[in-house]
Amino acid sequence: MADIADKLAYFQAITGLEDPDLCTEILTAHGWDLEQAVAAFTATTTSDDPTTTSTAPGGSSGDRVDTDTRQQPGVITTAAPPGPNLVWKLITLPISIISGSLGLVSGAVGLGMWAAGGVLSYSLSMIGLNSGRNGDVSTPLVSVSAAAAEAARFVADFERDYGRAGPSFVAEGFMDALQRSRHEFKLLFVYLHSPDHPDTPAFCGGTLCSEVLAAFVNENFVAWGGSIRASEGFKMSNSLKASKFPFCAVVMAATNQRIALLQQVEGPKSPEEMLTVLQKVLEESAPVLVSARLDAEERRTNMRLREEQDAAYQAALEADQARERQRKEEQERLEREAAEAERRRKEEEEARERAAREAAEKDAALARLREEKALSLGSEPEKGPDVTQVLVRFPNGERKGRRFHCTTTIQSLYDYVDSLGCLEMEKYTLISNFPRVVYGQEKLSQSLEEAGLHPQASLFVELSS
C-alpha cells in the first residue's frame, strides 16, 4: 500500500492533478506504471491544449500574443504590448527544479532592462508543485543527482540515436545549465524532446544535427535538452507551455527565481529557419550581453584592485605588526636581561651580606669563646714548686708561654691556645718532640704532672689536615 500511495502522490505532484480518484483511474489504466502514465498524460495534454499562438509577419516572438483569453487557475495571462522584441515572457520556475539545483538563480546584471517587453508571470501552482492543499510547500521532487542523471541520460540517448553532430548539450540539470550560461554571458538554448512525436526524428537528425546550426549553437549558446518523459523535462514543458513539438526555446536568467523567455520555436523547422531565428534573438540580446560582460569585467577589475589594495594594506599592516612585535620582543628581552642582572646583583649582595654576617657572627662567637676560655684559666700563678712552665710554639714560628699549676689538665692547655686567637683552624693537636708524644682526646683529663709535663714543657701545635 505504501508503494501505491507514493506513486499516487508522485503522479499528483508531477501532473498537478488534485483529484485522487482521477489520478488513481489513470494509473490503474497503465498498470500503475508511473512512467507510462506520465507519458500518456503528457501526450494527452499536448494534443488537447486549446491555446494557440499567432505570429506577426516577420516571425518575431516579441510580436506574439496569447489568443486564448480564458483565465486558467493559477495562471495570469497578459498580452504582450508592442515595444521591444527581446523579452516577451517571465516564467516562474517550479520549486522542485529550483530546489534541485546547486543554488538558486541570482539575477543577472542588467536583466531589469531585458524585461522591457510584455510580462507573463506563471505562478508555481500552474503545475501543482508549489504547495499542497493546505498551502504547505511540497518536498523537492528532483534532487541534484537525479536532475544531472536525467540530463546525462538524455545526452546519451540523443547521441545514440542521432550521433554526435548535434549541439553539445550539457549533462547537468536545468538550473545548473542556466547558471553556466549566466557565468559565460551566453543565452540558454533549450530543446524539449518528445520521443514519440512523428516530427522528432526528422527534426533531430536534419535540423539539430545540421553542421552549420550545431556549430552556431555551440559557439553562441549553452545548450540544454530534456526529455518530456523525464521529470525535469516534463516540468519545463509545463512551465514553458509547450503546445507543439518539436519545441525549442531561448531563455536567460532573471530575478526572483524566474527565467526570461526570449524566443520559442514550436513545430518542425529547417536548419535555415532555426538559424535565422537564433541569429535574430542573438542580435537583439547582444547589447545586453556585452553590457553584462563589461559590467562583470569592471566588477572583476574593481575587485582585483580592491584585493590588491587590501593585499598591500595587509602586507603593510603585517610589516608594521612585525616591526612592533620585534620592538616589543627586543624591549622584553632587554627588560628580562635587566631584571636578571638585577636579580643576580641582589643575590650576590645578599650572599655577601650573609657571608659577612656569618663571618661576623663567627668572629663574635670565637671572641666570646676565647674570652670564656681565658676566664676559665684564671689568673697566671707565680713561680713555685707546684707551678709548671709551658711554652707553646705555633706553625708560623710564634711562641707563647704561661705558667700553670701542675694539677691543671691538658684541656686547660687547649683552652689557653684557643684564647690566644693565633690559629685560624679549629682542629689541631698539641705534641712534644723529644720524645714525641701526642696529647690527644684521650689525655685531655690528665694533669700536667700526670702527663709528664711538670715542671716545664715545650709543646708544638700540629694542625690537623
Side-chain angles (χ1 to χ4, degrees), residues 326-465:
Q326 185 177 3
R327 186 189 66 79
K328 288 184 178 179
E329 291 175 353
E330 181 66 16
Q331 181 179 356
E332 291 174 356
R333 184 185 65 81
L334 294 176
E335 290 176 353
R336 285 196 304 271
E337 291 179 353
E340 180 66 17
E342 179 66 17
R343 184 187 63 80
R344 287 197 301 267
R345 186 190 66 77
K346 288 183 178 181
E347 288 180 353
E348 292 173 356
E349 183 177 352
E350 291 174 356
R352 287 193 300 268
E353 292 177 353
R354 185 170 55 253
R357 186 170 57 253
E358 291 175 354
E361 291 175 354
K362 183 178 180 181
D363 293 342
L366 289 175
R368 287 194 301 272
L369 182 61
R370 284 196 298 267
E371 184 177 357
E372 290 173 359
K373 289 187 176 184
L375 292 174
S376 67
L377 293 175
S379 59
E380 186 178 2
E382 298 292 336
K383 293 179 180 181
D386 296 329
V387 175
T388 302
Q389 180 70 40
V390 178
L391 179 66
V392 180
R393 295 181 180 181
F394 292 89
N396 58 1
E398 186 177 358
R399 297 179 182 184
K400 295 289 183 180
R402 191 184 190 280
R403 293 183 297 274
F404 297 89
H405 288 285
C406 63
T407 56
T408 302
T409 61
I410 299 297
Q411 178 63 58
S412 296
L413 297 181
Y414 277 93
D415 292 342
Y416 169 66
V417 173
D418 291 338
S419 67
L420 296 176
C422 297
L423 297 176
E424 294 182 359
M425 294 186 64
E426 297 179 358
K427 293 184 179 182
Y428 61 93
T429 306
L430 297 176
I431 63 172
S432 60
N433 283 340
F434 303 105
R436 178 178 174 81
V437 179
V438 177
Y439 301 96
Q441 293 292 326
E442 71 280 359
K443 296 182 178 182
L444 294 179
S445 60
Q446 292 181 356
S447 65
L448 299 181
E449 187 176 9
E450 290 172 348
L453 298 177
H454 182 72
Q456 62 180 8
S458 178
L459 300 176
F460 293 90
V461 175
E462 185 177 72
L463 301 177
S464 300
S465 57

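The shown structure was predicted, so the numbers you read here are calculated from the model rather than taken from an experiment.
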Without placing hydrogens or testing angles, list every side-chain donor-acceptor pair under 3.5 Å for residues 409-417, not counting sequence neighbours.
| from | atom 1 | to | atom 2 | distance (Å) |
| --- | --- | --- | --- | --- |
| Gln411 | NE2 | Asp415 | OD1 | 3.1 |
| Tyr414 | OH | Leu430 | N | 3.1 |
| Tyr414 | OH | Tyr439 | O | 2.5 |
| Tyr416 | OH | Gly401 | O | 3.3 |

Sequence-distant partners of Gln456, side chain to side chain contact (heavy atoms under 4.5 Å, CB included), two or more places apart: Gln389

Rounded to the nearest 0.5 angstrom, the CG-SG distance for Leu453 and Cys406 is 11.5 Å

Compile the donor-acceptor pairs under 3.5 Å between side chains in residues 344-354 and protein atoms, sequence neighbours left out, one pair per line.
| from | atom 1 | to | atom 2 | distance (Å) |
| --- | --- | --- | --- | --- |
| Arg345 | NE | Glu342 | OE1 | 3.2 |
| Arg345 | NH1 | Glu349 | OE1 | 3.0 |
| Arg345 | NH2 | Glu342 | OE2 | 2.5 |
| Glu347 | OE1 | Arg343 | NH1 | 3.1 |
| Glu347 | OE2 | Arg343 | NH1 | 2.4 |

Nearest 0.5 angstrom please: Ile431 CD1 to Leu459 CG, how far? 9.0 Å

Test of understanding: with side chain to side chain donor-acceptor pair (under 3.5 Å), list the residues that count as partners of Ser419, not counting sequence neighbours. none

Hey, can you pull the donor-acceptor pairs under 3.5 Å for the side chains in residues 372-385, sequence neighbours left out?
| from | atom 1 | to | atom 2 | distance (Å) |
| --- | --- | --- | --- | --- |
| Lys373 | NZ | Asp418 | OD2 | 2.4 |
| Ser376 | OG | Lys373 | O | 2.5 |
| Glu380 | OE2 | Arg403 | N | 3.0 |

More than 12 heavy atoms of other groups within 6.0 Å of Arg399 CZ: no

Those residues at least two apart in sequence (or on a different chain) that pass salt bridge (Lys or Arg N to Asp or Glu O under 4.0 Å) with Glu371 are none

Identify, with sequence neighbours excluded, every residue that meets ring pair (Phe, Tyr, Trp, His ring centres under 6.0 Å) alongside Phe460. none

With Lys443, which residues qualify under salt bridge (Lys or Arg N to Asp or Glu O under 4.0 Å), at least two apart? none

Run the salt bridge (Lys or Arg N to Asp or Glu O under 4.0 Å) test against Glu462 and tell me which residues pass, sequence neighbours left out. Arg436

If you look at every heavy atom in Gln446 and Glu450, which pair is closest and at what distance? CA-OE1, 3.6 Å

Would you give me the side-chain donor-acceptor pairs under 3.5 Å for residues 332-339, sequence neighbours excluded?
| from | atom 1 | to | atom 2 | distance (Å) |
| --- | --- | --- | --- | --- |
| Arg333 | NE | Glu330 | OE1 | 3.3 |
| Arg333 | NH1 | Glu337 | OE1 | 3.3 |
| Arg333 | NH1 | Glu337 | OE2 | 2.5 |
| Arg333 | NH2 | Glu330 | OE1 | 3.4 |
| Arg333 | NH2 | Glu330 | OE2 | 2.4 |
| Glu335 | OE2 | Gln331 | NE2 | 3.3 |

